[in-house]
Amino acid sequence: MKSAKIMTALLSGCLALSIAVAPLASAAEAQEQSNTDIINEVMNYLETYNLSEVDKEALIRGAIDGMVNTLEDPYSQYFDKAEASEFEHSVDLEYVGIGIRIQYTPTELYIEEVLPGSPAEQAGLKRGDTILKINGVAVEDTKGDELSGATGTKVTLLVLRNGVTKSYRITRNAIASVSVTSKLIGPQIAYISLSGFTQTADEEFTAALDKMRAAGMKSMVLDLRDNPGGYMDSAYNIASEFIDKGIMMYTSDQTGALTPVTITDGSKIGVPVVVLTNEYSASASEALTGALRDNNIATVVGLRSFGKARIQSLLPMSNGDMLKLTTQKYLTPNKEDFNHIGLAPDIEVKGKTAQLITALQIAGMTRMEASGDNHILNINGSAFAGNVGLVKEGNHIYASARVLASLLESDVSWDAKNKKVLVTTGAGKSSGFAIASKEAISRNGETFIDLNAFKQKFPALVWSYDAKQNQLKLSVK
């Protein structure tokens, strides 16, 4: 009878140590063994003969993760009970924290939004506040995830506001973010932001849409920027609010056959629609964008989307765990497979504020005032994510070149040879603003134009600066 041999390598040679083990199956018998038996056999050997103690649960999890990883699919994943619960909470935009949305720049961390009713709002934090320290540690030495933690624990923030620093001690709590926010702005333009396709996002969207219609909605801007996706059922139901009859998308499984996902009893939206996307609009966001674009319902503005044209199924395991497995790919109604590529916008616009301004203009807004500073943005007095790019340097007041160009419905580009910012009108007239003359400056990869210099070349610009409030107002005659 043959015995298994375990070899251990030494610097001076090899030392063979023979250990008697149970007889191994013959080659013919081994071929008949199921793959499951082989896995169990390996596990038994590891438990019996490994030098260090073996954690059986860790072995099982390692084997499962190994199987899933061989798929080379970044979206397939195995979750234990705790991980499954955390994942489902994240899809439904539920977490424990203080209730703020933050924005990183190369030089600072600031609050872009404070959620209504959150611990942050109750403590007195405001949008635009710059966070200097988290629990006494400078933000450049933190990861930012220190803002989250267990319910009831506290976090201390050192904040800068209008040149004054103040410390806030805030108790973390469960945060259930709403996935849909809406407001009516300008000449009956409905702005609806969809931050995630939660299990209730479709119901929230329908309620918001009914509210906007009751207020006299004449057009819509649907903001899907930074929306990572979620439940495709919610996306389908929302698409049904725009499309009465038609194809939302095509799906394909292992067979490769394309199956249309049709809407048969939806509703016509009845107004012009503009969809905003960026590089973080993914999955269900892209499915909805493709459906509205290919059915000639919406104009897409912004940046190319993320490029996730794959659908995962959540498969419950007998032990309470869960397997998230890619089971289908999907294509747009025009049969475009954009996986790893993304959906190109109809009108490409860089910069969060410039994207919003352009979308509102397409939706019919003719009179617009953008105000704020380098952290916050108001359009016609209503708060939005973004900023006007205010920079003060000596006696010069600068604003974002992209924001200025978008207000005048113009394009902005960079003349590398002459080191100038070029603003080109729809009529083709170009005006340059040179770095050397300080008509323009560059900061962290963005360009800003001196407002006096800009007004000389574009007299339609109206601007004012309130030094006390550090607020800049921009509009066009």
Side-chain angles (χ1 to χ4, degrees), residues 103-110 140 225-226 276-281 299-307 340-362 368 370 372-375 377 385-463 465 472 474-476:
Q103 183 69 38
Y104 280 96
T105 75
T107 58
E108 62 181 349
L109 170 66
Y110 66 89
E140 56 266 28
R225 292 175 297 176
D226 301 324
L276 280 167
T277 64
N278 64 6
E279 66 272 33
Y280 303 114
S281 304
T299 300
V300 183
V301 173
L303 297 176
R304 185 179 288 272
S305 61
F306 181 82
H340 301 311
I341 301 171
L343 295 172
D346 297 310
I347 302 172
E348 181 175 341
V349 181
K350 296 180 180 179
K352 185 178 291 186
T353 302
Q355 291 166 354
L356 177 62
I357 290 172
T358 301
L360 290 171
Q361 289 168 338
I362 295 172
M368 189 181 311
D373 53 21
N374 62 326
H375 289 172
L377 170 69
N387 61 76
V388 296
L390 170 64
V391 176
K392 296 182 295 179
E393 193 168 277
N395 295 323
H396 296 267
I397 303 293
Y398 296 86
S400 163
R402 290 172 180 164
V403 172
L404 293 171
S406 64
L407 284 170
L408 274 79
E409 299 184 47
S410 302
D411 294 325
V412 63
S413 58
W414 173 247
D415 181 352
K417 181 179 179 181
N418 298 303
K419 294 185 178 180
K420 287 184 177 182
V421 182
L422 300 178
V423 176
T424 306
T425 67
K429 177 187 175 182
S430 291
S431 298
F433 302 88
I435 297 291
S437 64
K438 292 190 176 181
E439 288 182 324
I441 57 174
S442 178
R443 295 288 184 275
N444 301 317
E446 293 189 36
T447 53
F448 305 83
I449 300 176
D450 177 85
L451 289 170
N452 286 323
F454 192 88
K455 186 171 177 61
Q456 287 180 0
K457 297 177 182 180
F458 295 95
L461 176 74
V462 178
W463 72 277
Y465 173 65
L472 176 64
L474 303 168
S475 61
V476 175

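Heavy-atom basis, side chains included; hydrogens, waters and symmetry copies ignored. Just so we're clear, the structure is a prediction, and the values are computed from it rather than from any experiment. Numbers here are sequence positions counted from 1.
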Reported [atom1]-to-[atom2] distance for the pair [X] and [Y], which is rounded to 0.5 angstrom:
X      : Y      : atom1 : atom2 : answer
Thr358 : Lys350 : OG1   : NZ    : 13.5 Å
Leu404 : Leu451 : CG    : CG    : 6.0 Å
Ile441 : Ile435 : CD1   : CD1   : 7.5 Å
His375 : Gln103 : NE2   : CD    : 9.5 Å
Leu276 : Leu360 : CG    : CG    : 8.0 Å
Lys419 : Ser437 : NZ    : OG    : 13.0 Å

Intermediate values then yes/no, side chain to side chain contact (heavy atoms under 4.5 Å, CB included), Trp414 and Val421:
CA-CA 5 Å; Trp414 173 247; Val421 182; 3.8 Å; yes
Tell me whether the count of non-hydrogen atoms from other residues, nucleotides or ligands lying under 6.0 Å of CG in Asn444 goes above 12.
yes
Please report the closest heavy-atom contact between [X] and [Y], naming both atoms and the distance.
X      : Y      : value
Pro345 : Gly302 : CG-O, 3.4 Å
Val423 : Ala405 : CG1-CB, 4.3 Å
Ala453 : Glu439 : CB-CG, 4.0 Å
Tyr398 : Lys438 : OH-O, 2.7 Å

Any donor-acceptor pair under 3.5 Å from [X] side chain to [Y] backbone:
X      : Y      : result
Thr447 : Ala401 : no
Lys457 : Gly432 : yes
Gln361 : Ser406 : yes
Asp346 : Val300 : yes
Asn387 : Gly372 : no
Ser400 : Phe448 : no

Please walk me through it: do Ser430 and Thr424 pass side chain to side chain donor-acceptor pair (under 3.5 Å)?
CA-CA 4 Å; Ser430 291; Thr424 306; 2.7 Å; yes
Sub-4.5 Å side-chain heavy-atom contact between [X] and [Y]:
X      : Y      : value
Glu108 : Asn374 : yes
Asp226 : Asn278 : yes
Ile449 : Phe458 : no
Ser410 : Thr425 : yes
Ile362 : Ile347 : yes
Arg304 : Leu343 : no

Take Trp463 and Val388 through the side chain to side chain contact (heavy atoms under 4.5 Å, CB included) test and state the conclusion after the steps.
CA-CA 12 Å; Trp463 72 277; Val388 296; over 6 Å; no
With Val403 as reference, evaluate Ile357, Leu472, Leu377, Leu356 under the side chain to side chain contact (heavy atoms under 4.5 Å, CB included) test and give the passing residue.
Ile357
Who pairs with Arg225 by side-chain hydrogen bond (donor to acceptor under 3.5 Å, both in side chains), at least two apart in sequence or on another chain?
Asp223, Gln355
